[in-house]
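What you see is a predicted model; the values in this text were computed from it and never measured. Labels below follow one simple rule: chain letters A, B, ... track the order of the sequence lines, proteins then strands, and each chain is numbered from 1.
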Amino acid sequence: LKGGIIHDEL
Amino acid sequence: NIFRIAGDLSHLVSIFILINTINVKKSAQGISLKTNILYAVVFVTRYVDLLYSYTSLYNTLMKIFFISSSIYTIVMLKKYSKNIQQYNDDFKIEYLIAPSFVLGLIFNHGFKFSEILWSFSLWLESVSILPQLFMLQKSGESQLLTTHYIFALGLYRALYIPNWIYRYFAEGRFDKLAITTGIIQTLVYSDFFYVYYQKVIKNIGFSLP
């Protein structure tokens, strides 16, 4: 799983 | 992906239905001001990253649209509710805001102000429709347009669930917080979904059990 969450959702 | 786009579109549609309903009827009757204030709080606290990060033009435009349309909705509701008393809009929103903030403090992607606000906005969004559903239940019946609006709004987060499943397999992305609150939000709507289905398919009177 990718580390670090990118808030690219709305 | 298709679920994400469909979810975002149904969110847009819900806002257009709402604003159109208010403008056509020139009335705020049956629409919860409290729910709409909560949504404005949700968008403003979630999209503070507009000020310092950039994902895409789509993302930025949508965020600006959601913030501005939610504030516009509040202004319109205030304008048209001067003459009517919203007897039924009496849900205590502090009981939604305070626990959401505590949950934001406990569950977040890092103990930073922006991450706490982001988490708070997810928890708050999951329950923001409650004043509106409460109002609908008390008045016993509702304009069809209002129920279309709530349906489109609920559908948006429901569609995000297959989007998250898709993204888990396609990108290895798994945002526990977004998924948990998204499921809660969809559960809050699920009784409404059933009633909506009954009403639209069988054309029976509207009431929330």
Taking NZ, NE, NH1 and NH2 as the nitrogens, is one of them in B:K138 or B:D90 under 4.0 Å from a carboxylate oxygen of the other? yes
Any residues in residues 55-66 of chain B near chain A, with a heavy-atom distance under 4.5 Å, and which are they? B:T55, B:Y58, B:N59, B:M62, B:K63, B:F66
Under 4.5 Å heavy-atom distance to chain A, tell me which part of B:Y47 shows up: side chain, backbone, both or neither. side chain
Taking atom types as modelled and ignoring hydrogens, do the side chains of B:N163 and A:E9 form a donor-acceptor contact shorter than 3.5 angstrom? yes
Is there a donor in the side chain of A:H7 and an acceptor in the side chain of B:D175, or the other way round, less than 3.5 Å apart? no
Working to the nearest 0.5 angstrom, can you tell me the gap between B:F134 CZ and B:Q137 CD? 7.0 Å
Taken to the nearest 0.5 Å, the spacing of B:S126 OG from B:I184 CD1 works out to 5.0 Å
Cut-off 3.5 Å, side chains only: do B:S119 and B:W123 have a donor facing an acceptor? yes
cation_pi(B:R157, B:Y160) dist<6.0 Å, angle<=45: yes
Charged N to carboxylate O below 4.0 Å: is that the case for B:R4 and A:D8? no
Within residues 7-25 of chain B, the residues sitting under 4.5 Å from chain A by heavy atom, in sequence order, are B:D8
Please tell me whether B:Y197 and B:F193 form a close aromatic pair, meaning their ring centres lie under 6.0 Å apart. no
Classify the ring geometry between B:F192 and B:Y189 as parallel (under 30°), tilted (30 to 60°) or perpendicular (over 60°). perpendicular
